[in-house]
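Some notes on the structure that comes next.
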Amino acid sequence: MEDIFKSLNPEQLKAVTAPDGPILVLAGAGSGKTRVLTTRIAHLIKQREVPPWQILSMTFTNKAAGEMRGRVAKLTGENKGLWVGTFHSIFAKLLRMEAQQVGLYVNFGIYDSDDQVRLIKSIMETLRVPVTQYAPKSIASVISKCKNGLIPPNQFMKSASTPFEEIAGKIYSAYENQLRLNQVFDFDDLITVPIQIFEKYPEILAKYQERFQYVHVDEYQDTNIAQYTLVRMLAEVHQNLYVVGDDDQSIYGWRGADIRNILDFEKDFPNTQIFRLEQNYRSTKTILKAASSVVVHNSGRKGKTLWTDGADGEKIELIETMDEREEASRIVEKTRDEVFKHKRTFKDFAILYRTSAQSRAIEDALRRGGMSYVIVGGVRFYERKEIKDALAYLKLIANPMDTVSLKRIINFPARGIGDVSLTHVQNYAAEQGKSIFDSLADVKQIPELTERAGTAIHTFNKMIVKYQQLIDEISPNELVHTLMDECGLLHNLKEDSTSEGQSRLENIREFLSAIKEYVEESDSPTLAGFLEGVALVSDVDTWNDKTNAITLMTLHSAKGLEFPVIFIPGMEENLFPISRALESPEQIEEERRLFYVGLTRAEQKVYLLYTNRRNTYGSESYRLPSRFIDEIDSSVIERKKSRSTTTSSSLPSSFTRPRISSQKIYADAHPDYEAFSQESTLLRKGLMVTHALFGRGQITSVEGSGKKMKVTVQFQNGSVKKFIAQYAQFDIG
DNA sequence: CGGATTTAACTTTTT
DNA sequence: GTTAAATCCG
């Protein structure tokens with residue numbers, strides 16, 4: 001166990017040891033925010049002798065929660081009963097504990113955004129609203145905004161002023177009914193339903209108010225009205241609410257986060273003690289100056305000035321390029337420079353972009369350069385089609401009322417139950433007031449069904465019922481393995497010999513091992529437990545900083561992380577700030593805060609890149625540099641002219657020039673071998689080369705020539721690798 | 001009904 | 001340039 005106050009600065013110490021009551025810690029980027037929060041909790045347990053089970057601490061990501069749990073445990077040792085988790089997981093747990101008492105279904109399922117949209121679509125069908133008229137997605141976002149703002153369907157319908165809002169209100173109302181009938185909650189429900197329960201059953205609220213005498217919230221600037229309400233309810237009696245946040249890092253307004261929660265904290269909680277953490281331990285003076293010169297353009301800030309004892313550091317480098325391919329290869333080139341000049345390794349770098357679509361060009365360049373990278377985000381594992389299919393089987397077995405899952409898989413893989421047959425069953429279900437699943441058992445009562453469809457439905461029903469009975473008999477692991485086999489999903493993918501099919505099969509296998517892992521690690525593994533875990537994980541949660549690879553992710557997922565070197569490509573108007581944010585000054589300010597978050601991820605060096613021309617799905621567009629670039633204090637930014645700046649090594653400049661390497665790739669599409677074949681002759685047996693990933697080595701053999709030329713290299717670390725000369729990138733020497 | 005082929009829609013960010 | 005939905009054909 002460590003001395004819990006070890007190396008805290010005076011402000012941090014004051015914040016940690018503050019007396020009871022509402023406390024707001026305004027903590028700038030890199031100022032030791034998580035440290036203060038974890039030390040505070042340890043202080044309560046060790047020095048104020050608060051029992052751990054009276055302490056609740058909420059974060060927004062599982063990763064942050066895990067980190068906090070680990071750090072507190074390190075400081076306190078045993079701390080049984082301490083509740084640390086994401087808002088969603090904590091209240092999902094609470095709902096499971098209280099569901100029965102308030103007449104809700106205990107084994108409720110959780111709908112993610114994809115399930116949500118499917119449900120909305122099917123509601124639109126029954127309401128005869130064409131999906132071409134209003135996008136189900138935009139309806140979903142309206143509904144989510146309502147829920148986050150605690151506006152129930154009837155209230156929303158009353159205030160509806162446009163045809164769109166009227167329809168959305170009707171759908172919202174039907175959507176809520178359907179969720180209850182399906183015995184599921186969506187993400188927003190995990191926050192709003194506990195509020196409803198607390199309002200309706202004061203004795204339940206009182207129980208938790210008594211239990212959680214100390215409530216903590218991390219990243220408080222990201223809370224929405226619903227989360228705020230819930231936190232306020234819990235902390236109302238004891239007033240021991242400890243929140244940590246940074247208004248300059250509020251980047252989730254689009255998800256309902258209300259920046260007023262942090263700006264008005266003092267008003268909402270009288271006698272609030274405020275602490276400001278302004279000493280930054282992460283970045284250079286230069287980076288902090290750049291970040292603060294950007295964010296001062298925002299109005300309505302709490303106002304804070306970050307400072308550091310650290311070095312001035314290098315200037316921010318601004319790089320202009322021709323197109324996104326050059327942009328990507330400049331990143332590769334700069335990475336290589338950094339590796340050589342500053343002895344960095346791949347895990348020191350992160351490339352942060354505004355939209356996931358930007359990753360493609362960069363990935364291509366990194367692969368070409370032989371640099372290992374990991375992507376965080378994009379299509380999340382549990383959102384892949386094949387995984388969602390597999391999950392739908394499990395969800396249906398765990399909860400037969402889940403019609404969205406039922407519809408998803410009743411005919412996948414194809415088993416002869418088409419739209420027509422399903423509609424007959426649905427009509428029957430509606431007439432009888434039964435659920436769709438229960439109606440499956442009544443095929444004989446539905447005369448419209450053909451014999452073939454009837455048999456198929458019967459078989460399907462029997463299979464699901466069988467597994468429902470097996471739930472408590474065999475382990476989830478065993479159940480899923482047999483099920484995947486029997487339902488035909490595995491078979492279906494094994495037949496598919498395309499590379500896409502193979503990768504889907506791989507994903508299913510990974511999914512199976514995830515279940516196995518869950519069963520092995522959990523004390524009391526259940527199917528419902530597994531499904532809940534799956535619904536509430538994000539990608540950043542699984543990112544690990546031990547792998548030696550360059551990290552690629554969106555600026556949003558980067559919050560809370562830090563890297564020695566940061567690249568931010570796509571510094572262009574309409575991309576960053578993104579075009580849709582141009583509508584209102586508030587949204588521009590949020591984009592600016594996002595830029596601030598990006599800059600402050602860096603410890604030592606920031607590269608900003610923009611391009612004059614960019615391909616966005618198909619067509620080309622010409623671009624202007626982002627307004628944010630001009631907002632950076634000119635004393636800390638260095639504009640590098642395109643090209644001519646390459647000074648990476650003493651070898652013929654053509655060899656590392658990215659332009660050449662993109663031409664090489666072009667060579668595939670538009671044969672023009674001259675350029676590279678000349679270069680490739682530079683590679684010969686006995687030559688010493690350096691590869692960004694494998695280090696120094698000697699070429700031991702050269703086979704073929706031109707496009708097909710291959711070289712074998714014996715590296716000093718002992719490994720021997722063979723490269724296609726065209727794609728490999730070496731420095732000579 | 002199922003599978004194959006064509007078409008359209010898409011890109012903001014996520015628990 | 002990808003993926004889901006719509007359409008067509010056997």
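Source: prediction; values computed, not measured. Numbers restart at 1 for each chain; the letters A, B, ... are given by sequence-line order, proteins then strands.
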For B:dT15 and A:N62 - does any side-chain N or O of the residue sit under 4.0 Å from the phosphate oxygens OP1/OP2? no
Separation of C:dT3 atom P from A:K388 atom NZ, nearest Å, is 17 Å
Establish, yes or no, whether the cationic atom of A:K385 lies under 6.0 Å from the six-membered ring centre of A:F412 and within 45° of the ring axis. yes
The nucleotide from B:dG3, B:dT14, B:dC1 with an atom nearest the side chain of A:R452 is B:dC1
In whole angstroms, the gap separating C1' of B:dT15 from CG of A:D188 amounts to 9 Å
- Message: Which label fits A:F628 and A:F576: parallel for a plane angle under 30°, tilted from 30 to 60°, or perpendicular past 60°?
- Response: perpendicular
Q. Counting only side-chain N and O atoms of A:K121, is one of them less than 4.0 Å from OP1 or OP2 of C:dA5?
A. yes
Whole-Å distance, A:Y596 OH to B:dT13 C1', equals 19 Å
Of B:dT15, B:dT13, C:dA4, the nucleotide closest to the side chain of A:W254 is B:dT13
*Is A:F60 touching bases, backbone alone, or none of the nucleic acid, heavy atoms closer than 4.0 Å?*
sugar-phosphate
Query raised in the report: Would you call the rings of A:H88 and A:F187 parallel, tilted or perpendicular, where under 30° means parallel and over 60° means perpendicular?
Result: perpendicular
Separation of C:dA5 atom P from A:F412 atom CZ, nearest Å, is 13 Å
A:E363 atom CD is separated from C:dT2 atom P, nearest whole Å, by 12 Å
### Query
Thinking salt bridges, do A:E589 and A:R301 make one under a 4.0 Å N-O criterion?
no
Per atom distances to the A:H556 side chain, the nearest of C:dA4, B:dT13, B:dT15 is B:dT13
Would you say A:K137 places a side-chain N or O within less than 4.0 Å of OP1 or OP2 belonging to B:dT11? yes
Exercise. Is the ring of A:F87 stacked on the base of B:dT15, with centres less than 5.5 Å apart and planes under 30° off?
Worked result: no
Within a strict 4.5 Å, meaning less than it, do heavy atoms of the A:I568 and A:F595 side chains meet? yes
Here the distance between atom C1' of B:dC10 and atom CD1 of A:I578, to the nearest Å, is 13 Å
Compare side-chain N and O positions of A:S557 against OP1 and OP2 of B:dT13 and report whether any pair is under 4.0 Å apart.
-> no
### Query
Counting only side-chain N and O atoms of A:S356, is one of them less than 4.0 Å from OP1 or OP2 of B:dT13?
yes
Taken to the nearest whole Å, CD1/A:I588 to P/B:dT13 is 17 Å
Which of A:D222, A:T600, A:D246, A:L594 passes side chain to side chain contact (heavy atoms under 4.5 Å, CB included) with A:K559? It is A:D222
Among the nucleotides B:dG3, B:dT14, C:dT2, whichever has the atom closest to the side chain of A:R360 is C:dT2
Counting any heavy atom closer than 4.0 Å, what does A:S421 reach on the DNA or RNA strands: base, sugar-phosphate only, or nothing? sugar-phosphate
Under 4.0 Å between any heavy atoms, over every strand shown, what does A:A357 touch: base, sugar-phosphate, or nothing? Just pick one. base
| Contact class for A:L594 vs. all strands (heavy atom < 4.0 Å): base, sugar-phosphate, or nothing? | nothing
note: A:D186, atom CG; B:dT15, atom C1'; distance rounded to Å ~ 11 Å
Quick check: any donor-acceptor pair below 3.5 Å linking the side-chain of A:R255 to the base of B:dT15? no
Note: for A:G416 and A:S579 on DNA chain B, the residue whose nearest nucleotide lies more 5' is A:G416
- [ ] Answer yes or no: does a side-chain N or O of A:T450 lie under 4.0 Å from OP1 or OP2 of B:dC1?
- [x] no
Q) Checking all strands, does A:R118 fall into the base, sugar-phosphate, or nothing category for heavy-atom contacts under 4.0 angstrom? A) nothing
